[in-house]
Amino acid sequence: MQKTITLPTKTLFTNKSKCPKIKGVESYYKTDFGQAYLGDSLELLSKIPKNSVNLIVTSPPYALEFKKSYGNSSKDEYVKWFVPFAKEFIRVLKDDGSLILNIAGSYNKGVPTKSLYHYKLLISLVEEINFHLAQEFYWYNPAKMPMPAEWVTVRRIRVKDSVEHIWWLSKTPWPKANNRNVLNPYSKDMLRLNSKGLKKTLRPSGHNIKSSFSNIESGGSIPPNVFENDLVNDFLKFGNNSANNNYAIKCKAKGIKMHPARYPETIPSFFINLLTTEYDLVLDPFAGSNTTGYIAERLNRQWLAIDNVEEYLIGSKFRFE
C-alpha cells in the first residue's frame, strides 16, 4: 500500500522578488524566485510567452534500452518525441538565450554497438529547429555502472562508459555569455610560470605565445569543456548523485521516492553563472528533483520548473527548506 504523503503547498519563502509564473496555471509550489509546476511539459511550455526565457538547463529522459520509472522514449522514436519540445524551447528563449542539454548515449539492442540517436537529435536541433551549436561539453562520471553487463562484465568485450554529453545550443550565434564568471584558480605550474614570465615564442603547433599570455591579472584560468572530478574549481568538482544532502536525507526520512537520475548541482551552477546574470529567468522543463531551480534560487535567478511526476516535486521542496 502506497504511503500517504501530505506536505504544505504554500509559498516556501516570503516573495520579495518578482516571481515568474505561467499565466493561467496554478503552481505546485513557489519560492522567492521561482515556481514549480505539475503537469504535461509540452502543454505548459506553450503557455510561456515567447522571447521570455534567458536559459534552459535540462536533462530529459534518455533513450536507454531499459525503461526507467520516470518514463523514457525509445531510440527509434526519440527525435520525433523531442522535436515538439525543441520548437517550444526556441520560441520561449530570448535572442541571446541558450539551451543546455545533458544527454547520454545508449547501446543498440542485442549487439555491442552504440546507437546514434543522440547525434541524430543534435543534427535535428541544428538543421530542423535552427539552433546553433555553441559548444560541446563532456561530463566525466566515473560512478556510472558498467552497463550493459552482457558486454562489459560478462563477455568482457567492451569497457565502462563514463562520459555523458552536454550540448550548449543557442538561439542565435551570439548568446549571452561571460567566462570570467567561471574561472578556475591558477594551478601551481601556472603560478610558477607567471612568476618567471613567459618568453615570446612560436610553438611547433604554430601557436604564437606572447608575453601577455601570462597575465596573472585576468583572475584565473579559463575552464575546459570537460567536467572532471579532480579539478580544484568548485564549479567542476563533482560526482553524480549526493546521498547525504538535505534532499536525500529528507526524502528517506519521509518515505518519499527520490528521483533516480539526479544530476550534480554543479552542472546548472556552472552554466547559470556562465550564461546569465542576476534576475534572469532559468527554465527546466524536465525538472525531476528540481536541481536547476534550487541552484537558480541560490544564485538570485528567477526560475520555472515543470515535471509530470508529483512525488518528485514533493521531494524537490526539501531542497528549499
Side-chain angles (χ1 to χ4, degrees), residues 11-13 15-20 27-37 41 53-60 89 93 97-103 137 139 141 164 166-169 175-184 223 225 227-229 231 233-251 258-259 261-307 312-321:
T11 304
L12 297 178
F13 297 98
N15 189 10
K16 298 177 181 178
S17 64
K18 184 182 178 183
C19 186
S27 64
Y28 195 76
Y29 66 83
K30 61 182 179 180
T31 67
D32 281 347
F33 284 86
Q35 303 201 47
Y37 290 85
S41 184
V53 176
N54 298 95
L55 174 64
I56 300 171
V57 181
T58 195
S59 182
F89 294 166
L93 279 174
S98 293
L99 164 65
I100 299 300
L101 184 64
N102 167 221
I103 195 165
F137 285 76
W139 167 22
N141 178 13
E164 293 188 12
I166 302 176
W167 290 321
W168 170 15
L169 297 143
K176 181 178 182 178
N178 188 348
N179 69 21
R180 295 179 184 87
N181 296 331
V182 290
L183 294 176
N184 283 328
N225 66 338
F227 294 107
E228 297 183 75
N229 283 13
L231 292 180
N233 189 344
D234 286 340
F235 283 123
L236 306 183
K237 185 174 66 177
F238 54 85
N240 187 7
N241 299 333
S242 175
N244 58 0
N245 60 15
N246 190 64
Y247 166 79
I249 292 170
K250 289 289 184 68
C251 282
M258 289 189 290
H259 194 281
R262 308 180 308 281
Y263 60 13
E265 296 174 2
T266 38
I267 288 180
S269 179
F270 178 86
F271 288 108
I272 289 172
N273 276 286
L274 174 66
L275 304 174
T276 68
T277 52
E278 274 197 320
Y279 308 114
D280 279 356
L281 178 56
V282 180
L283 167 68
D284 189 344
F286 304 102
S289 65
N290 200 12
T291 307
T292 298
Y294 168 62
I295 295 300
E297 183 96 10
R298 287 176 56 186
L299 296 174
N300 292 337
R301 270 65 164 179
Q302 300 181 85
W303 59 269
L304 293 171
I306 305 171
D307 205 89
Y312 295 155
L313 287 183
I314 291 173
S316 73
K317 291 182 182 181
F318 296 136
R319 293 192 183 278
F320 300 90
E321 292 183 351

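This one's a predicted model, so the numbers in the text were calculated from it and none came from an experiment. One is the number of the first residue; the rest follow in order along the sequence.
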Work out which heavy atom in Ala305 is nearest to a heavy atom in Ala287; give both atom names and the distance.
->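 Taking every non-hydrogen atom into account, CB-CB, 3.7 Å.
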
Gln302 and Ala296: which non-hydrogen atoms are nearest, and at how many Å?
->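 Minimum heavy-atom separation between Gln302 and Ala296: O-CB, 4.4 Å.
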
May I have the step-by-step check of side-chain contact (heavy atoms from CB on, under 4.5 Å) for Thr277 and Lys176, ending in yes or no?
-> CA-CA 9 Å; Thr277 52; Lys176 181 178 182 178; 2.8 Å; yes

Which salt bridge (charged side-chain N to carboxylate O under 4.0 Å, His left out) pairs, counting each pair once, include a residue from residues 283-295, with sequence neighbours left out?
->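 Applying salt bridge (charged side-chain N to carboxylate O under 4.0 Å, His left out) to every pair that reaches into residues 283-295, excluding sequence neighbours, yields nothing.
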
Which value, rounded to the nearest 0.5 Å, describes the distance between Asn181 atom CG and Thr276 atom OG1?
->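 Atom-to-atom, Asn181:CG and Thr276:OG1 are 8.5 Å apart.
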
Would you tell me whether Glu164 and Asn141 have side-chain atoms, one donor and one acceptor, within less than 3.5 Å of each other?
->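 No donor-acceptor contact under 3.5 Å links the two side chains.
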
Between the side chains of Ser316 and Tyr29, is a donor N or O closer than 3.5 angstrom to an acceptor N or O?
->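 Looking only at side-chain atoms, Tyr29 and Ser316 do form a donor-acceptor pair, the distance falling under 3.5 Å.
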
Under a 4.5 Å cut-off applied to non-hydrogen side-chain atoms, are [X] and [Y] in contact?
X: Glu265; Y: Arg298; result: yes
X: Thr58; Y: Leu101; result: yes
X: Leu281; Y: Val53; result: yes
X: Trp303; Y: Glu297; result: yes
X: Tyr263; Y: Thr292; result: yes
X: Val282; Y: Asn54; result: no
X: Pro175; Y: Leu275; result: no
X: Tyr294; Y: Pro268; result: no

For Phe271 and Phe227, what are the C-alpha separation, side-chain angles and deciding distance, and is it a ring-ring contact (aromatic ring centres under 6.0 Å, His included)?
-> CA-CA 12 Å; Phe271 288 108; Phe227 294 107; 5.8 Å; yes

Among all residues two or more places apart in sequence or in another chain, which pass the side-chain hydrogen bond (donor to acceptor under 3.5 Å, both in side chains) test with Asn300?
->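 With sequence neighbours excluded, Asn300 shows a side-chain hydrogen bond (donor to acceptor under 3.5 Å, both in side chains) to Glu278, given in chain and number order.
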
Asp307 (side chain) donor-acceptor with Gly288 (main chain) under 3.5 angstrom =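 Flag set: sc Asp307 to bb Gly288 pair under 3.5 Å.
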
Would you call the rings of Phe137 and Phe270 parallel, tilted or perpendicular if under 30° counts as parallel and over 60° as perpendicular?
->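 Because their plane-to-plane angle is over 60°, the rings of Phe137 and Phe270 count as perpendicular.
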
